[in-house]
Structure formats: C-alpha cells, structure tokens
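Counting from 1, the numbers follow the sequence of the chain as shown.
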Amino acid sequence: QVQMVESGGGLVQAGGSLRLSCAASGRTFSSYAMGWFRQAPGKEREFVATINRSGTSTYYSDSVKGRFSISRDNAKNTVYLQMNSLKPEDTAIYYCAAAASYSVIEQQYLYWGQGTQVTVSS
C-alpha cells in the first residue's frame, strides 16, 4: 500500500505560480504511475496530469497543457506539479494518486492523497 501526502497549495493571484508536492511512503513508489487530479466546488473530480513510472512520459489535460508540468523524483518518493500562469478556473482541491499503469482514467488509480487546496484570485 502507498500513502501520500500533498503539500504546496495556497492562495495565489491570477498569473502566478505554485508548486505542489506529493510525498509517498513505502519502497515501491517507482512501481507506480502517478497522477494529479482536481475537484472544483460543485464539480466532479477531473484529470490534470500523469507521469509514468520512470518519469519519461507525461500527459496533460487540454485545460492545463503548456502551463502545468508534472515530474517525479523516485529517489525522494515524490511527485511534483509545477503550475504556472494560474487562472481563477484552476481553483480546486488537488489530489495526487498512484496507479499500476500510466492512465488518465480516475478509476484506475489505486491510492489517493487527502488533497491540497489551490485558490487563484482574479
């Protein structure tokens, strides 16, 4: 089992940047593909980005492509989400998750963090 804790959320003005971190427990972190999802108030949780086990492949939702960057450090059991050019519509709770394989499908993710709030003011 993998336990994850997100950090780095907060309040930022539109156009600003934040870097989210997700620290995972266990020695099997590198066995999992990792993803970031988000849930805005009154909306369903949606896919944001994913990265494969080795960190050599990434994929983004159209809404964040070109602004967000996912990366991982397997030596530190950590996955990151660098968020630039933030918009008010990026306001949401951001979750990291672990999957057995590289995927954009929420149901394929096995383990989830508790989430971190990101608020972008206009």
Query raised in the report: What are the two closest heavy atoms between Leu110 and Tyr32, and how far apart are they?
Result: CD1-CE2, 4.3 Å
Query raised in the report: What's the spacing between Tyr80 OH and Ser7 OG if we round to 0.5 Å?
Result: 9.0 Å
Requested in this report: Could you tell me whether the side chain of Thr78 reaches within less than 4.5 Å of the side chain of Phe29, counting heavy atoms only?
Outcome: no
Query - Joint hydrophobic cluster, Leu20 plus Val2, side-chain heavy atoms closer than 4.5 Å - result: yes
Requested in this report: Could you go through the side-chain contact (heavy atoms from CB on, under 4.5 Å) check for Val104 and Tyr60 one step at a time?
Outcome: CA-CA 9 Å; Val104 302; Tyr60 301 90; over 6 Å; no
Requested in this report: For Gln108 and Ser101, indicate whether the former's side chain and the latter's backbone hold a donor-acceptor pair under 3.5 Å.
Outcome: no
Report task. Drop me the distance from Cys22's SG to Met4's CE, to the nearest 0.5 angstrom. Result -> 5.5 Å
Report task. Please determine if Lys65 and Asp62 form a salt bridge, counting it only when a charged side-chain N lies under 4.0 Å from a carboxylate O. Result -> yes
Report task. Answer yes if Leu86 and Val64 sit in the same cluster of Ile, Leu, Val, Met, Phe, Trp and Tyr residues linked by side chain heavy atoms under 4.5 Å apart, and no otherwise. Result -> yes
Query raised in the report: Any side-chain donor paired with an acceptor under 3.5 Å for Ser63 and Ser61?
Result: yes
Query raised in the report: Roughly how far apart are Arg72 CZ and Cys96 SG, rounded to 0.5 Å?
Result: 11.0 Å
Requested in this report: Identify the two heavy atoms, one from Ile70 and one from Trp36, that lie closest to each other, and give their separation to 0.1 Å.
Outcome: CD1-CD1, 3.5 Å
Query - Point-to-point distance, once rounded to the nearest 0.5 Å, from CG of Asn77 to CE of Met34 - result: 9.5 Å
Query - Side-chain heavy atoms of Arg53 within contact of Ser30, under 4.5 Å - result: no
Query raised in the report: Between Glu6 and Gln114, is there a donor-acceptor pair closer than 3.5 Å when you use the side chain of the first and the backbone of the second?
Result: yes
Query raised in the report: So with a 6.0 Å cut-off around NZ of Lys43, is the heavy-atom count from everything else above 12?
Result: no
Query raised in the report: In terms of the angle between their ring planes, are Phe37 and Tyr109 parallel, tilted or perpendicular, with boundaries placed at 30° and 60°?
Result: perpendicular
Requested in this report: Step through the shown structure and confirm whether more than 12 heavy atoms of other residues, nucleotides or ligands are within 6.0 Å of CD on Glu89.
Outcome: yes
**Report entry** Single-linkage hydrophobic cluster, 4.5 Å side-chain cutoff, Leu81 and Val118 together
**Finding:** yes
**Report entry** Minimum-distance pair of heavy atoms, taken over all atoms of Val12 and Gly16
**Finding:** CG2-CA, 3.9 Å
Query raised in the report: Which atom names give the shortest non-hydrogen contact between Asn84 and Ser17, and what distance separates them?
Result: OD1-OG, 2.9 Å
**Report entry** Side-chain donor or acceptor of Tyr59 paired with backbone N/O of Ser103 under 3.5 Å
**Finding:** no
Report task. Using modelled atom types only, decide if a donor and an acceptor are shared between the side chain of Asn52 and the backbone of Ser57 within a distance under 3.5 Å. Result -> yes
Query raised in the report: Quick one: does Ser122's side chain have a donor or acceptor within less than 3.5 Å of a partner on Pro88's backbone?
Result: no
Report task. Tell me, please, which residues at least two apart from Gln117 pass side-chain hydrogen bond (donor to acceptor under 3.5 Å, both in side chains). Result -> Thr119
Requested in this report: Output, in order, the C-alpha distance, side-chain angles, deciding distance and verdict of side-chain contact (heavy atoms from CB on, under 4.5 Å) for Glu106 and Tyr95.
Outcome: CA-CA 11 Å; Glu106 180 178 341; Tyr95 300 89; over 6 Å; no
Query raised in the report: Looking at side-chain heavy atoms only, is the closest gap between Met83 and Asp90 below 4.5 Å?
Result: no
Report task. Give a yes or no answer on whether the side chain of Ser85 reaches the backbone of Gly15 with a donor-acceptor pair at less than 3.5 Å. Result -> no
Query raised in the report: Applying the 4.5 Å side-chain criterion to the ILVMFWY set and letting contacts propagate, would Val79 and Tyr102 be lumped into a single cluster?
Result: no
Query raised in the report: Is there side-chain contact between Glu46 and Arg38, with heavy atoms separated by less than 4.5 Å?
Result: yes
**Report entry** Val48 reachable from Ile105 in the ILVMFWY side-chain graph, under 4.5 Å edges
**Finding:** no
Query raised in the report: So how far is it from Lys76 NZ to Asn74 CG, rounded to the nearest 0.5 Å?
Result: 12.0 Å
Query raised in the report: Shortest non-hydrogen contact from Leu18 to Gly8?
Result: CD2-O, 3.8 Å
Requested in this report: Taking Thr91 for its side chain and Val120 for its backbone only, find out whether a donor-acceptor pair lies under 3.5 Å.
Outcome: yes
